Amino acid sequence: MKIHEYQAKQILAKYGVPVPHGSVASSVDEATKVAEDLGTDVCVVKAQIHAGGRGKAGGVKIVKSAKEVGHAADELIDSKLVTPQTGPEGKIVKKIYIEEGSNIEKEFYISMIVDRTTNGITVIASTEGGMEIEEVAEKTPEKIYTLSLEPNTEIKTNEAKKITTQLGVQNNLKTKVVDLILSLYKAMTSTDSLMIEINPLVTTKEGEVLALDAKIDFDENAFYRQQDIEELRD
Ligand code: ADP
Ligand code: MG
């Protein structure tokens, strides 16, 4: 079962994955209020649909005031968004997420997926954040790093460290990226997720490490023990 970005970010935050401050809205008034409460110089208004590729399709708007957030909300709510992942029929936007704009230094890609044959988790990381991983795999496969964990073995700090080295994360931010990877793993296993994708994971000019986008796919066969997650269904 898929959930929206704002729901995924709430879950990840619970497990200690750093995400920007933000709130969901379904009207112009609500959106404006969220922006006023955030009080940041830059806000990002993001269409909440069950598909990626929103950025290139006009579903992610970077604005500079609460008033502009209102305009962006007006444009997006009830509009149809067609992205490479929605199919030609597109998806109608009912909710938007308004979050703090980040001063991005570098974008990375990181995901974890359950290997259906072994039940082990595979970690996939890349320096090419913000791009579709399939495209990176096709054009520059050498920029993708994978780590396949044995079934029922936890990721080790050393393994997370190795990933940050492969990604070329600057030294002073390595610990933060390692912590993020370990938290992501915790979120993955605690919620019976089949896939968690952070694209992009960013470092900022202020020295933060943040999950700027988040996608989670849950195992519905585990809902008997994950009732709070089943309640997130659209
Ligand atoms: P999608 O994957 O559906 O296109 P993303 O959430 O990944 O949507 O956003 C697309 C791009 O927009 C990101 O790669 C990033 O460059 C930019 N972006 C998204 N959220 C923020 C934010 N909070 N601050 C600054 N830039 C952002
Ligand atoms: Mg994305």
Side-chain angles (χ1 to χ4, degrees), residues 2-13 17-25 31 34-35 37-66 68-69 72-73 75-77 79-87 90-113 124-137 143-144 167 176-177 180 184 193 195-217 234:
K2 288 187 174 132
I3 56 169
H4 291 296
E5 172 195 7
Y6 77 93
Q7 297 168 315
K9 282 178 167 169
Q10 277 167 7
I11 291 173
L12 293 179
V17 176
V19 297
H21 296 291
S23 269
V24 70
V34 169
D37 289 348
L38 278 175
T40 51
D41 292 341
V42 180
C43 281
V44 184
V45 183
K46 310 177 80 174
Q48 298 299 290
I49 54 169
H50 284 161
R54 298 165 299 169
K56 288 183 192 122
V60 176
K61 299 190 188 297
I62 298 177
V63 298
K64 297 241 165 88
S65 68
E68 286 181 41
V69 166
E75 252 181 79
L76 286 173
I77 295 171
S79 75
K80 186 163 82 175
L81 207 60
V82 182
T83 84
Q85 294 179 28
T86 58
K91 285 193 189 292
I92 305 288
V93 181
K94 286 293 170 195
K95 286 186 175 133
I96 53 172
Y97 190 56
I98 301 102
E99 70 178 10
E100 194 181 335
S102 293
N103 210 354
I104 301 174
E105 171 89 38
K106 215 178 161 332
E107 296 190 305
F108 299 92
Y109 172 97
I110 187 143
S111 69
M112 296 188 183
I113 49 169
I124 302 167
S126 173
T127 48
E128 306 306 284
M131 282 182 47
E132 298 303 322
I133 197 71
E134 292 82 6
E135 198 183 330
V136 183
K143 290 181 177 166
I144 298 180
L167 291 177
K176 285 183 184 171
V177 177
L180 186 147
L184 208 58
S193 294
M195 193 269 303
I196 299 187
E197 183 183 64
I198 308 298
N199 188 21
L201 160 75
V202 302
T203 54
T204 69
K205 301 217 160 65
E206 294 80 16
E208 300 161 293
V209 170
L210 291 167
L212 273 207
D213 191 10
K215 202 162 134 184
I216 305 184
D217 190 3
D234 241 16

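Not measured: the values here are computed from a predicted model. Hydrogens, waters and symmetry mates are skipped; everything else that's a heavy atom, side chains included, is used. In each ligand, atom 1 is the first atom listed, and ligand 1 is the first ligand listed.
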**Q** Among all protein heavy atoms, pick the one closest to atom 24 (N) of ligand 1 and tell me residue, atom and distance.
**A**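 Here the nearest protein heavy atom works out to Ser102 N, 2.8 Å.
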**Q** Measure the distance from atom 6 (O) of ligand 1 to every protein heavy atom, then report the residue, atom name and distance (to 0.1 Å) of the closest one.
**A**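 Atom 6 (O) of ligand 1 sits closest to the protein heavy atom Lys46 NZ, 2.7 Å.
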**Q** Among all protein heavy atoms, pick the one closest to atom 2 (O) of ligand 1 and tell me residue, atom and distance.
**A**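 Here the closest protein heavy atom is Asp213 OD2, 3.0 Å.
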**Q** Verify the neighbour count for atom NZ of Lys106: are there more than 12 heavy atoms of other residues, nucleotides or ligands below 6.0 Å?
**A** yes
**Q** Can you see which heavy atom on Ala72 is nearest to which on Lys61, and at what distance?
**A**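 Heavy-atom minimum between the residues: CB-CD, 3.9 Å.
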**Q** Among the N/O/S atoms of Asp213, which is closest to the Mg ion (ligand 2)? Give the atom name.
**A**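 Of all N, O or S atoms in Asp213, the Mg ion (ligand 2) lies closest to OD2.
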**Q** For Gly52, take its heavy atoms, then give the atoms of ligand 1 lying under 4.0 Å from any of them.
**A**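 What qualifies from ligand 1 is 3 (O).
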**Q** Before accepting this row, confirm whether a basic side-chain N of the pair Asp234/Lys94 lies closer than 4.0 Å to the acidic partner's carboxylate O.
**A** no
**Q** With heavy-atom distances below 4.0 Å as the criterion, list the atoms of ligand 1 near Glu99.
**A**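 Answer, ordered by atom number: 20 (N), 21 (C), 22 (C), 23 (N).
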**Q** Just do the side chain to side chain donor-acceptor pair (under 3.5 Å) check on Glu99 and Tyr6 with the steps written out, would you?
**A** CA-CA 10 Å; Glu99 70 178 10; Tyr6 77 93; over 6 Å; no
**Q** Is there a side-chain contact between Ile110 and Val177, using heavy atoms and a 4.5 Å cut-off?
**A**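 Ile110 vs Val177: side chains apart.
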**Q** Atoms of ligand 1 less than 4.0 Å from Gly101 heavy atoms?
**A**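 Listed by number with element, the hits are 24 (N).
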**Q** Does atom NE2 (His50) have a neighbourhood of more than 12 heavy atoms from anything else shown, all under 6.0 Å?
**A** yes
**Q** State whether the number of non-hydrogen atoms from other residues, nucleotides or ligands found under 6.0 Å of Lys95 atom NZ is greater than 12.
**A** no
**Q** Looking at ligand 1, would Glu100 count as a contact under a 4.0 Å heavy-atom criterion?
**A** yes
**Q** What I'd like to find out is whether the side chain of Phe108 reaches to under 4.5 Å of the side chain of Ile198, using heavy atoms alone.
**A**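 A side-chain contact under 4.5 Å is absent here.
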**Q** Can you list the steps and then say if His21 with Thr40 is a side-chain contact (heavy atoms from CB on, under 4.5 Å)?
**A** CA-CA 10 Å; His21 296 291; Thr40 51; over 6 Å; no
**Q** Could you tell me the residue and atom name of the protein heavy atom closest to atom 15 (C) of ligand 1, and the distance to it rounded to 0.1 Å?
**A**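 Answer for atom 15 (C) of ligand 1: Glu107 OE2, 3.1 Å.
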**Q** Yes or no on side-chain contact (heavy atoms from CB on, under 4.5 Å) for Ser126 and Ile133, after CA distance, side-chain angles and deciding distance?
**A** CA-CA 8 Å; Ser126 173; Ile133 197 71; 4.1 Å; yes
**Q** Could you list which atoms of ligand 1 come closer than 4.0 Å to a heavy atom of Asn199?
**A**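 Contacts of ligand 1 toward Asn199, numbered from 1: 7 (O).
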**Q** Is the closest N or O pair between Val44 and ligand 1 shorter than 3.5 Å?
**A** no
**Q** Nearest protein heavy-atom contact for atom 4 (O) of ligand 1: which residue, which atom, what distance?
**A** Gly55 N, 2.8 Å
**Q** Going by distance only, is there an N or O of Val60 that falls short of 3.5 Å from an N or O of ligand 1?
**A**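 Among all N and O atoms of Val60, none is under 3.5 Å from an N or O of ligand 1.
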**Q** Using a 4.0 Å cutoff against the non-hydrogen atoms of Pro200, which atoms of ligand 1 qualify?
**A** 7 (O), 13 (C), 14 (O)
**Q** Do you see a protein non-hydrogen atom under 4.0 Å from atom 17 (C) of ligand 1?
**A**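 Within 4.0 Å: no protein heavy atom nearby.
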**Q** Check each heavy atom of Ile104 against ligand 1 and say whether those closer than 4.0 Å belong to the side chain, the backbone, both or neither.
**A** side chain
**Q** Please say whether Arg54 places an N or O atom under 3.5 Å from an N or O atom belonging to ligand 1.
**A**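 Between Arg54 and ligand 1, an N or O pair is found under 3.5 Å apart.
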**Q** For atom 11 (C) of ligand 1, decide whether some protein heavy-atom distance is shorter than 4.0 Å.
**A** no
**Q** Distance-only, no hydrogens or angles: does the Glu208 side chain make a donor-acceptor pair with backbone N or O of Thr204 under 3.5 Å?
**A**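 Pair absent, no side-chain N/O of Glu208 close to backbone of Thr204.
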**Q** Kindly compute the distance separating CG (Leu38) from CD1 (Ile98), expressed to the nearest 0.5 Å.
**A**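 If I round to the nearest 0.5 Å, the distance is 8.0 Å.
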**Q** Give the residue, atom name and distance (to 0.1 Å) of the protein heavy atom nearest atom 21 (C) of ligand 1.
**A** Leu212 CD1, 3.4 Å
